[in-house]
2 protein chains.
Amino acid sequence: MVQNKSTADAILDAAQRLIQTRGYNAFSYRDIAQALGIRSASIHYHFPTKTDLGARLAARYRRLFRAELDAIVEGEPDAVERLLKFADLFQQTFEVESRLCLCGMLSAEIATLPEGVAAEVEGFFRDTEAWLVAVLEEGRKAKRFSFSGPAKEQARLLLALLEGAMVVARGLRDRAHFRSMAGNYIAQMKPQTARAAR
Amino acid sequence: MVQNKSTADAILDAAQRLIQTRGYNAFSYRDIAQALGIRSASIHYHFPTKTDLGARLAARYRRLFRAELDAIVEGEPDAVERLLKFADLFQQTFEVESRLCLCGMLSAEIATLPEGVAAEVEGFFRDTEAWLVAVLEEGRKAKRFSFSGPAKEQARLLLALLEGAMVVARGLRDRAHFRSMAGNYIAQMKPQTARAAR
DNA sequence: GTCTATAAGATGATAGAC
DNA sequence: GTCTATCATCTTATAGAC
């Protein structure tokens, strides 16, 4: 039974878009209300406080992102391809309205967030880092690529690169910027793979 | 004649700190006033609107950062060392209160910024990118390191990595995180250098 | 569930005294 | 230059009708 999207989901969708484009401190219940054609008081019925909304949104984002990572592992056996698909997730996000990663934006604003929201942001980065560590270690074991030092360091480097690429591309106001950067990162990985495979 | 810091400068300092830690949309004239022990109306005398304040702050940051880059070139002839000192600038910023690069934070919020502020942010990234391109090309010519593709791509990658490292370190709420990441980046450059020098 | 009405506080900004 | 006083507006949030 395909249910119509609930109002609560529509609110989360609108809030996510607003935060990805403008930030947590630059959107209001009014903005969401206008986007959905309802009144801001109605939103309080579904999410009593902005803290509730933020925490549930971050938790949903974290959960759905984790599911996408699981889907990559399930559908793709090769470690290099897994990393490329990982990078694609960020690129696809940025393609639409130059949106940032929700948790990347919230992370920049973390000093202003209620603890319940900040905790989910931290969880998102820990989840993602752990997933990358697993992919990197498996890929190294399978000789699909080589890198020095702990996989954790490499994972953080990769994550920082993708989050940062979105920010820099925004600052330069150059939509194509991220595309070329992701492409370049890919290019820098492939030779490494080729080298290791030779 | 060493003049005491003017009120205008003190306002810019306070505003910069607030934006680096909280963001443009999370600070008010009142916050600055409280930090300086004055009234918010006094700030309007120096900066009539928040747009004025933001634009002049971003312009000052851009100018001072450019000066730091010039100082690196002047004081350090080696391209690899120049890049390491460049990375140090970001690390030093983050060391204090996990502050982000001012323009990194503004870049995330760029959709909400007045055009005068956004233009300075864009200028900051263009300046920095151009400086990196020059250092990278000179270093490649001098055989201090090697990389494939245009220097511009490499410059953007490096800039994205450092900006992103700050964001990710914030999200993980791990102050030591950035230190290790910058260290890892440095480690990944050195072998490359050693390889090229062999 | 959604609405109207309303509250209390914050915000950017201005007028005018000192 | 800095102050007090004041503003219109926005923001999160609640009460209560429908």
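Numbered from 1 within each chain, the chains take letters A, B, ... in sequence-line order.
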So, applying side chain to side chain donor-acceptor pair (under 3.5 Å) with B:Glu120, which one of B:Arg62, B:Arg56, B:Arg60 is it?
B:Arg62

Does C:dC3 have its OP1 or OP2 closer than 4.0 Å to a side-chain nitrogen or oxygen of A:Ser42?
yes

Counting only side-chain nitrogens and oxygens, does B:Ser28 get under 4.0 Å of the OP1 or OP2 atom of C:dT11?
yes

How is A:Ser40 classified with respect to the nucleic acid when contacts are heavy atoms under 4.0 Å: base, sugar-phosphate, or nothing?
nothing

Expressed in angstrom and rounded to an integer, what is the separation of A:Asn25 atom CG from D:dC10 atom C1'?
14 Å

Mind calculating the distance between CD (B:Gln34) and C1' (C:dT11) to the nearest angstrom?
13 Å

Spacing between B:Ile11 atom CD1 and D:dG1 atom P, to the nearest angstrom
11 Å

Could you check whether B:Tyr45 gets within reach of a base, just the sugar-phosphate, or nothing at all, counting any heavy atom under 4.0 Å?
base

Relative to each other, are the rings of B:Tyr61 and B:Phe65 parallel, tilted or perpendicular (30° and 60° limits)?
parallel

Between P on C:dG1 and NZ on A:Lys5, what's the gap in Å once rounded to a whole number?
16 Å

To the nearest angstrom, how far is B:Ile38 atom CD1 from D:dT4 atom P?
12 Å

Side chain of A:Arg22, backbone of B:Glu109: donor and acceptor closer than 3.5 Å?
no

Rounded to whole Å, NZ of A:Lys50 lies from C1' of D:dT14 at a distance of 18 Å

Candidate nucleotides C:dA5, C:dA15, C:dT2, ranked by approach to the side chain of B:Ala41 - the nearest:
C:dA15

N/O (side chain, A:Arg39) to phosphate O (OP1/OP2, C:dT4) under 4.0 Å
yes

Quick one: which of D:dA13, C:dT11, D:dA5 gets closest to the side chain of A:Thr49?
D:dA13

B:His44 atom NE2 is separated from D:dA5 atom C1', nearest whole Å, by 14 Å

Check the phosphate of C:dA10 against B:Arg30, side-chain N and O only, distance under 4.0 Å to OP1 or OP2. Yes or no?
yes

Residues B:Glu138, B:Arg82: salt bridge by 4.0 Å N-O rule:
yes

Take the protein atom CD1 of A:Ile32 and the nucleotide atom C1' of D:dA13, then report the distance between them rounded to whole Å.
14 Å

Heavy atoms only, 4.0 Å cut-off, all strands: where does A:Phe47 land among base, sugar-phosphate and nothing?
nothing

Under 4.5 Å between side-chain heavy atoms, counting indirect links through other Ile/Leu/Val/Met/Phe/Trp/Tyr residues: same cluster for A:Leu18 and A:Tyr24 or not?
yes

